[in-house]
Amino acid sequence: METAGALVRTGPRDGFFLEAASLELLPLLPGIAERPDFTLYQHDAAPEPPAAVVELVAHRQQVEEPTTLLAEGLDERRAINLLQGEYGPQAGWERHWYRWRWPAALLLLLLLLQAGLGWWENRQLRHHEQQLAAAIEEVYRQTFPDSRRVVNARVQMEQRLQELGGGSDDGDRRRDFLELLGAGGETLAAADLQLRGLRYRDGGLDLELEIASLQALDRLEEELTAAGLGVEIRSATSRGERVQARLQLQSSRR
């Protein structure tokens, strides 16, 4: 709507625009006399309309800004929204999702990372458990070479020891043997060595083994001592690039 004219509204969705010079023709337009309810909108800076027009209109309204008038008549439910993308119409949850999408993605990443670390730790524990079970089975086969089928080396060793002894003293010896084996089994399984022989006597566990070097033998002694065992190196002989040694393990309670 320009300042040199007026907007004539004859209904909710009907109307037309007249220039200021043509306002005096408004009473002559067909059907105007039968529409006494129409409204005349003029800009504040527009000239005063003719007296005949003023007498004819039912309502007259001065408009300071044309866009204000357009906004008052806007029906958002029926209007066509041309905005696109992030400026387009959005539901309530979409506005919240747009605000929280990065924190949610970070939380999901942390959950996936935690799940991955848990899976890796479980995998490492299973691998360590398999190594320990293999070491126990090796000790069992060397102690009882006549055994052909090994299902559970620890249980089968207890059963064989029960078959070998029958008194309380034998039970104490079996318990001491299993305690020594349990305390040092994990350290022996993790070390780079080959077990050549194993014998339990007089409350001690004699080991014959082959290890990489004297330094590795010293580290093995320190680790067994840290595990709560008394360690005595009976002999250590270099054979080429390896060292053959005899050790005796005893419980620290003795």
Side-chain angles (χ1 to χ4, degrees), residues 114 116-254:
Q114 184 177 6
L117 290 177
W119 173 83
W120 175 255
E121 290 178 356
N122 289 334
R123 184 174 180 273
Q124 292 294 100
L125 290 175
R126 287 196 300 268
H127 180 67
H128 183 69
E129 183 180 2
Q130 292 173 355
Q131 288 182 330
L132 184 59
I136 294 176
E137 181 176 342
E138 182 180 357
V139 172
Y140 173 75
R141 289 185 181 277
Q142 292 178 355
T143 307
F144 303 102
D146 58 327
S147 298
R148 297 181 179 274
R149 183 169 179 266
V150 179
V151 179
N152 189 324
R154 187 186 187 101
V155 174
Q156 289 178 252
M157 182 176 293
E158 292 178 353
Q159 293 175 350
R160 293 293 297 270
L161 291 175
Q162 289 177 359
E163 293 174 0
L164 293 176
S168 59
D169 293 339
D170 292 334
D172 293 339
R173 285 195 294 270
R174 288 195 300 270
R175 184 173 61 254
D176 293 341
F177 170 71
L178 291 176
E179 288 180 357
L180 288 172
L181 189 61
E186 184 175 349
T187 302
L188 294 172
D192 181 17
L193 58 83
Q194 293 181 353
L195 192 61
R196 299 299 186 184
L198 181 147
R199 184 174 59 179
Y200 178 78
R201 65 177 181 178
D202 299 331
L205 188 62
D206 293 332
L207 304 177
E208 295 182 7
L209 54 88
E210 185 177 304
I211 197 167
S213 63
L214 292 175
Q215 291 79 3
L217 182 62
D218 292 336
R219 287 196 300 271
L220 178 62
E221 179 183 8
E222 294 176 357
E223 292 173 358
L224 291 172
T225 302
L229 296 174
V231 184
E232 181 183 355
I233 300 178
R234 295 293 180 88
S235 65
T237 305
S238 297
R239 300 290 185 183
E241 296 181 354
R242 307 281 289 181
V243 173
Q244 294 182 352
R246 293 178 60 248
L247 283 73
Q248 185 180 66
L249 305 183
Q250 290 186 344
S251 174
S252 59
R253 296 177 301 174
R254 293 180 175 274

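Note: hydrogens, waters and symmetry copies are ignored here, and every other heavy atom, side chains too, is used.
- Here the CD-CD distance, from Q156 to E137, works out to 8.5 Å after rounding to the nearest 0.5 Å.
- Taking every heavy atom of both residues into account, E221 and V231 meet most closely at CG-CG1, 3.8 Å.
- To the nearest 0.5 Å, atoms CD (E210) and CZ (R239) are separated by 10.0 Å.
- By the neighbour-count criterion of 12 heavy atoms within 6.0 Å, atom CD of Q124 is densely surrounded, having more than that number from other residues, nucleotides or ligands.
- Within 6.0 Å of atom CD in E186, 12 or fewer heavy atoms from other residues, nucleotides or ligands are found, so the atom counts as exposed in its surroundings.
- A donor-acceptor contact closer than 3.5 angstrom is absent between the side chains of R242 and Q244.
- A heavy-atom distance below 4.5 Å is found between the side chains of L188 and L220.
- With rounding to the nearest 0.5 angstrom, the CG atom of D206 is 9.0 Å from the CD atom of Q250.
- Rounded to the nearest 0.5 angstrom, L207 CG and I233 CD1 are separated by 11.5 Å.
- Atom OG1 of T187 and atom CG of L193 lie 10.5 Å apart (nearest 0.5 Å).
- Scanning all heavy atoms of the two residues, the minimum distance from D192 to I211 falls at O-CG1, 3.6 Å.
- The distance from the CD atom of E222 to the CG atom of L217 is 10.5 Å, given to the nearest 0.5 Å.
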